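In this text the structure is predicted, and so the values were computed from the model without any measurement.
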Amino acid sequence: MQLAVGVSRRIFHHHVTAIMKASTRTLLNRVLNLLLLLNGAFILGTGWLMDQRLPRGRDGHGLTVLGLGRHDWGELHAWAGYGIGVLVVGHLLLHLKWLHLIAAQRNRWKLAVGLGTAVLLMALFVLIPVRG
């Protein structure tokens with residue numbers, strides 16, 4: 001009887017732990033997806049706001065929306081861009097298994113080329129010379 005109880009406890013503990021891990025992962029995925037959606041909407045909205053409602057140059061001088069001028073909105077837009085970059089990295093890490101199995105068709109080199117290309121694209125804008 002004790003053996004059956006011990007085995008049952010181990011099986012129960014294993015399944016509960018697996019369910020908790022899965023639910024934690026699901027919750028994290030939902031939170032990440034929601035933050036990606038909201039951040040993306042903010043970036044789209046602020047980009048449109050600066051382009052259409054707060055024009056560059058003299059036409060936009062002195063205009064504000066919610067007390068913020070074009071440069072203030074640009075600052076928020078940039079920080080939201082950094083934030084979405086962090087969220088995308090988190091999302092990719094959460095789905096690394098899917099990336100390897102499905103997107104890269106179980107070929108590590110395809111995954112490395114895809115992620116490496118993204119890193120090189122980001123590095124291009126960091127390393128490109130600025131002239132003035």
* **Nearest-0.5 Å distance that lies between atom CG in Leu32 and atom CG in Leu92** => 10.0 Å

* To do: Could you tell me whether the side chain of Leu35 reaches within less than 4.5 Å of the side chain of Val31, counting heavy atoms only?
  => yes

* Asked: Leu87, Met122: one ILVMFWY side-chain cluster at the under-4.5 Å cut-off?
  -> no

* Determine which pairs satisfy ring pair (Phe, Tyr, Trp, His ring centres under 6.0 Å) with at least one residue from residues 99-132, sequence neighbours left out, and list them in order. => none

* Using modelled atom types only, decide if a donor and an acceptor are shared between the side chain of Arg70 and the backbone of Met50 within a distance under 3.5 Å. => yes

* Structure fact -> Interatomic distance, CG@Leu54 vs OG1@Thr64, rounded to 0.5 Å, equals 8.0 Å

* Asked: Would Val88 and Leu93 show up in the same hydrophobic cluster when neighbours are defined by side-chain heavy atoms closer than 4.5 Å?
  -> no

* Between the main-chain N or O of Leu94 and the side-chain N or O of Arg25, is there a donor-acceptor pair closer than 3.5 Å? -> yes

* **Cluster link Leu34 to Val86, ILVMFWY, side chain under 4.5 Å** => no

* Distance from Asn107 atom CG to Leu101 atom CG, nearest 0.5 Å? -> 11.0 Å

* To do: May I ask you to test the Leu36-Asn39 pair for a side-chain heavy-atom distance under 4.5 Å?
  => no

* Asked: Does any pair with a residue in residues 57-96 pass ring pair (Phe, Tyr, Trp, His ring centres under 6.0 Å), and if so which ones, sequence neighbours excluded?
  -> Trp79-Tyr82, His91-His95

* Joint cluster assignment, Leu121 & Ile43, ILVMFWY side-chain distance < 4.5 Å -> no

* Asked: Considering all heavy atoms of both residues, which atom of Ala104 and which atom of Leu111 are nearest to each other, and what is their separation?
  -> CB-N, 3.6 Å

* Asked: In terms of hydrophobic clusters joined by side-chain contacts under 4.5 Å, are Val113 and Leu115 together?
  -> no

* **Short side-chain to backbone donor-acceptor contact, Asp72 and Gly69, under 3.5 Å** => yes

* Structure fact -> All heavy atoms of Leu49 vs all of Val65, minimum pair found to be CD1-CG2, 3.9 Å

* **Verdict with reasoning, Phe42 to Ile84, per side-chain contact (heavy atoms from CB on, under 4.5 Å)** => CA-CA 10 Å; Phe42 184 82; Ile84 209 164; over 6 Å; no

